Engineer: 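Can you read through this structure? Questions will come right after.
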Amino acid sequence: MSGILEGKRVLITGVLMESSIAFHAAKLAQEQGAEIILTAFPRPTLTERIAKKLPKPTKVIELDVTNDEHLARLEDVVREELGSLDGVVHSIGFAPQDALGGNFLNTPFESVATAMHVSAFSLKSLTMACLPLMQEGGSVVGLTFDAQYAWPQYDWMGPAKAALEATNRYMARDLGKQNIRCNLVSAGPIGSMAAKSIPGFSELAGVWDNRSPLEWDLSDPEPAGRGIVALLSDWFPKTTGEIVHVDGGLHAIGA
Ligand SMILES: NC(=O)c1ccc[n+]([C@@H]2O[C@H](COP(=O)([O-])OP(=O)(O)OC[C@H]3O[C@@H](n4cnc5c(N)ncnc54)[C@H](O)[C@@H]3O)[C@@H](O)[C@H]2O)c1
């Protein structure tokens, strides 16, 4: 039986641990027939170690998404390995410690700027770095945490995600003519490295225990991975600028 990504070539960022959402997207993408290439931050060695747990071997490229030299050389390395791309997964988020955990009113702009650069602007930088490889169109998928609300402890990652969500819409506007779709998966909380770096993350996660219509498992990144793979596939051909919630339905519940 052929998979829904058969014949597709996909670049996937953000594989750091097995708990990374991107690891599950990579695993499912391979299982569904895609050829993938991974990018790594901060060190390729970490990602290479985790990549050994994927069904098939894959090349790993170093990429700090705020580093213009890294972005500039991405095209050549990917072209040599895969020839072209049909999909790009942006699974990147970071905010300095003083931008998280209840320090919202005192965070210096420098830290806010870092959060915005790594977590929001990078969706545009990464996509533009990959654009020459997507001459036949493609699908760009990023990850957000619902930015319509102010959450406990999430602080400046909230405005960074709001910027990411707006960036996604503008990219959909500007890349539609090239048949490139841009969408986000809005995931519920998952106990990854990024999540553990948020002081008081369990308080945020606890909201799901109380309110999620579907049972939510903090230790299971696979549902988010499935959402990513679905958006990479040909099964959302006319969907762009969209945010698909993979959050157990919590976004629909008022109290
Ligand atoms: N874990 C959650 O609860 C949750 C919920 C919703 C959305 N998300 C989002 O999902 C995405 C993936 O996070 P995750 O939960 O899998 O955690 P993770 O820690 O496994 O992944 C975050 C990734 O960001 C990468 N990164 C950080 N700075 C970078 C830089 N300068 N250049 C390139 N890569 C960089 C890290 O290497 C890491 O791979 C993030 O956008 C995150 O905000 C996470």
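All ligand and atom numbering here is 1-based and tracks the order in the structure. This chain uses plain numbering: 1 for the first residue, then up along the sequence. Here the structure is a predicted model, which is why all the values come from computation and not from measurement.
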Engineer: Atom 16 (O) of ligand 1: which protein heavy atom is closest, and how many Å away?
Structural biologist: Ile21 N, 2.8 Å

Engineer: What is the closest protein heavy atom to atom 5 (C) of ligand 1, and at what distance does it sit?
Structural biologist: Gly188 O, 3.5 Å

Engineer: Salt bridge or not for Lys52 and Glu48, using N-O below 4.0 Å?
Structural biologist: no

Engineer: Rounded to the nearest 0.5 Å, what separation is found between the CD atom of Glu242 and the CG atom of Leu184?
Structural biologist: 9.5 Å

Engineer: Search all heavy atoms of Ile36 against all heavy atoms of Ala26 and return the closest pair with its distance.
Structural biologist: CD1-CB, 3.7 Å

Engineer: Are Val246 and Trp208 connected in a single hydrophobic cluster, I mean Ile/Leu/Val/Met/Phe/Trp/Tyr linked by side-chain heavy atoms less than 4.5 Å apart?
Structural biologist: yes

Engineer: Tell me the protein heavy atom at minimum distance from atom 19 (O) of ligand 1, and give that distance in Å.
Structural biologist: Ala194 N, 2.9 Å

Engineer: Please compare Phe41, Tyr154, Phe201 and report which has the shortest non-hydrogen distance to atom 29 (C) of ligand 1.
Structural biologist: Phe41

Engineer: Using a 4.0 Å cut-off to any heavy atom of Leu63, which atoms of ligand 1 qualify?
Structural biologist: 32 (N), 33 (C)

Engineer: If Ile, Leu, Val, Met, Phe, Trp and Tyr residues are connected whenever their side-chain heavy atoms lie under 4.5 Å apart, and connections chain through other members, are Trp151 and Ile21 in the same group?
Structural biologist: yes

Engineer: From the options Leu204, Asn67, Leu164, Ile92, select the one whose nearest heavy atom is closest to atom 40 (C) of ligand 1.
Structural biologist: Ile92

Engineer: With atom 41 (O) of ligand 1 as the reference point, say which of Lys196, His90, Lys161, His117 has the nearest heavy atom.
Structural biologist: Lys161

Engineer: If we set the cut-off at 4.0 Å for heavy atoms, which region of Thr144 has an atom near ligand 1: side chain, backbone, both, or neither?
Structural biologist: backbone

Engineer: With respect to atom 10 (O) of ligand 1, which of Leu143, Val246, Leu218 exhibits the smallest heavy-atom separation?
Structural biologist: Leu143

Engineer: Identify the protein heavy atom lying closest to atom 20 (O) of ligand 1, giving its residue, its atom name and the separation to 0.1 Å.
Structural biologist: Ser20 OG, 2.6 Å

Engineer: Looking at every heavy atom in both Leu131 and Gln135, which two are closest together, and how far apart are they?
Structural biologist: O-NE2, 3.9 Å

Engineer: Students should be able to answer this: which protein heavy-atom is nearest to atom 21 (O) of ligand 1, and at what distance?
Structural biologist: Gly14 O, 3.9 Å

Engineer: Quick check for you: to the nearest 0.5 Å, what is the distance between Lys8 atom NZ and Asp234 atom CG?
Structural biologist: 3.5 Å

Engineer: If you look at every heavy atom in Gly158 and Ala147, which pair is closest and at what distance?
Structural biologist: O-CB, 4.0 Å

Engineer: Check this for me, if you would: do Lys27 and Glu31 make a salt bridge, where the nitrogen-to-carboxylate-oxygen distance has to be below 4.0 angstrom?
Structural biologist: yes

Engineer: Between Leu184, Thr39, Ile190, flag the one that comes closest to atom 1 (N) of ligand 1 by a heavy atom.
Structural biologist: Ile190

Engineer: Quick check on contacts: which atoms of ligand 1 are under 4.0 angstrom from a heavy atom of Pro189?
Structural biologist: 3 (O)

Engineer: Taking atom 11 (C) of ligand 1 as the point of reference, which of Ser91, Ser192, Pro42 owns the nearest heavy atom?
Structural biologist: Ser91

Engineer: For atom 32 (N) of ligand 1, find the nearest protein heavy atom and state the residue, atom name and distance (0.1 Å precision).
Structural biologist: Val65 N, 2.9 Å

Engineer: Would you give the length of the straight line joining atom CG of Leu11 to atom CD of Glu35, rounded to the nearest 0.5 angstrom?
Structural biologist: 13.0 Å

Engineer: Starting from atom 31 (N) of ligand 1, what is the nearest protein heavy atom, named by residue and atom, and what distance separates them?
Structural biologist: Asp64 OD1, 2.9 Å

